[in-house]
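Here the structure is laid out as structure tokens; the discussion comes afterwards.
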Protein chains: 2
Amino acid sequence: MDVFEAVAEPNRRHLLGLLAERDRTAGELVDSLPTLTQPAVSRHLRVLREVGLVEVHPDGQRRIYALKPDGLQQIDTWITPYRRYWRNHLDALEQHLEDR
Amino acid sequence: MDVFEAVAEPNRRHLLGLLAERDRTAGELVDSLPTLTQPAVSRHLRVLREVGLVEVHPDGQRRIYALKPDGLQQIDTWITPYRRYWRNHLDALEQHLEDR
DNA sequence: CACCTATATACACTTGCGCTTATATACGCC
DNA sequence: GGCGTATATAAGCGCAAGTGTATATAGGTG
């Protein structure tokens, strides 16, 4: 599983979003996805760990998850060449609006 | 299938890359992925069409595929808040290097 | 019209993902 | 040590993704 696949899953994006705000325990993250069971969330966290998007620090019996978003650079780097395309499109739209 | 899943597949990223250079016929794209059969590539192109990342223009019996990367903005928008994190990390690294 | 080329679809198969239930592990507290 | 809480792993299942072979569609050419 690579970073692209990891991020393709909506629940995992949700988890990353929460961790972007602040560190959270596994329990908090489980509570944040009421439609999923605890093991399901645990598996998503494992995937995020394995691709290096989060890290864990044990704190007693809790596990504190933290964002480690460096891996997202890979996606950012990939998307970069395409950015100019929709910038051009946007320019064309702005041009059109200006012309009126 | 959404944009994130569409882009999670390496062969589809490969196709997008080629289309970023220039428009191509379906046949050219099939030739660009020698490990896949023609129908397999055709299905990937269908997926990219359905999520709006490419568009097709018939030209006789050929079909000319063109990039329509606006949908990638969705990914770009999503990734934006995370960018500051690895920027900070980078800053920290630079700081460390400067300190030495 | 008959035949060829270019591309898409149908069908069947395999594999891996995401899920749930059940269980293990590990720490905290009495 | 015994029990409760927090988290991870195991086993099993359904389903959708990706693929190949075979076939359909449609346009080009003689």
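Chain letters run A, B, ... following the sequence lines, proteins first and then strands; every chain starts at 1. For the numbers below, each heavy atom of this structure counts, side chains included, while hydrogens, waters and symmetry mates do not.
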Could you state the NE2-C1' distance from B:His57 to C:dT7, rounded to the nearest angstrom?
17 Å
Please list, chain by chain and in numerical order, all residues satisfying ring pair (Phe, Tyr, Trp, His ring centres under 6.0 Å) with B:Tyr65, sequence neighbours excluded.
none
Measuring from atom CG of A:Asp70 to atom CG of A:Asp76, what distance do you get when rounded to the nearest 0.5 angstrom?
12.0 Å
When rounded to whole Å, the CG to P distance for the pair B:Leu33 and D:dT19 reads 9 Å
Side-chain donor-acceptor contacts of residues 33-58 of chain A below 3.5 Å, not counting sequence neighbours, with atom names and distances?
| unit_1 | atom_1 | unit_2 | atom_2 | d |
| --- | --- | --- | --- | --- |
| A:His44 | ND1 | A:Arg12 | NH1 | 3.2 |
| A:Arg46 | NH1 | A:Glu50 | OE2 | 2.9 |

To the nearest 0.5 angstrom, please state how far the NE2 atom of B:His14 sits from the CG atom of B:Asn11.
7.5 Å
With a cut-off of less than 4.0 Å, is there a side-chain N or O of B:Tyr65 near OP1 or OP2 of C:dA6?
no
Separation of atom CG in A:Leu45 from atom C1' in D:dA8, rounded to whole Å
11 Å
Using a 4.0 Å heavy-atom cut-off to protein, can you give one letter per nucleotide of nucleotides 25-30 of chain C, 5' to 3': B if the base is in contact, S if only the sugar-phosphate is, - if neither?
--BS--
Return a single string for nucleotides 10-21 of chain C, one symbol per nucleotide in 5' to 3' order, where B is base contact, S is sugar-phosphate-only contact and - is none, cutoff 4.0 angstrom on heavy atoms.
-------SSSBB
Atom CZ of B:Arg49 and atom P of C:dT7: how far apart are they, to the nearest Å?
12 Å
Atom pair OG1 (B:Thr77) and CG (B:Leu72), whose distance is rounded to the nearest 0.5 Å
10.5 Å
Using whole Å, what does the distance between atom P of nucleotide C:dA6 and atom CG of B:Leu29 come to?
14 Å
Flag, side chain of A:Tyr82 to backbone of B:Gln73, donor-acceptor distance under 3.5 Å:
no
What pairs of donor and acceptor atoms, side-chain ones from residues 18-28 of chain B against any protein atom, are under 3.5 angstrom apart with sequence neighbours left out?
| unit_1 | atom_1 | unit_2 | atom_2 | d |
| --- | --- | --- | --- | --- |
| B:Glu21 | OE1 | B:Arg24 | NH2 | 2.6 |
| B:Arg22 | NH1 | B:Glu28 | OE2 | 3.4 |
| B:Arg24 | NE | B:Leu18 | O | 3.3 |
| B:Thr25 | OG1 | B:Glu28 | N | 3.1 |
| B:Glu28 | OE1 | B:Thr25 | N | 2.9 |

Using salt bridge (charged side-chain N to carboxylate O under 4.0 Å, His left out) as the criterion, list what pairs up with A:Asp2, not counting sequence neighbours.
B:Arg13
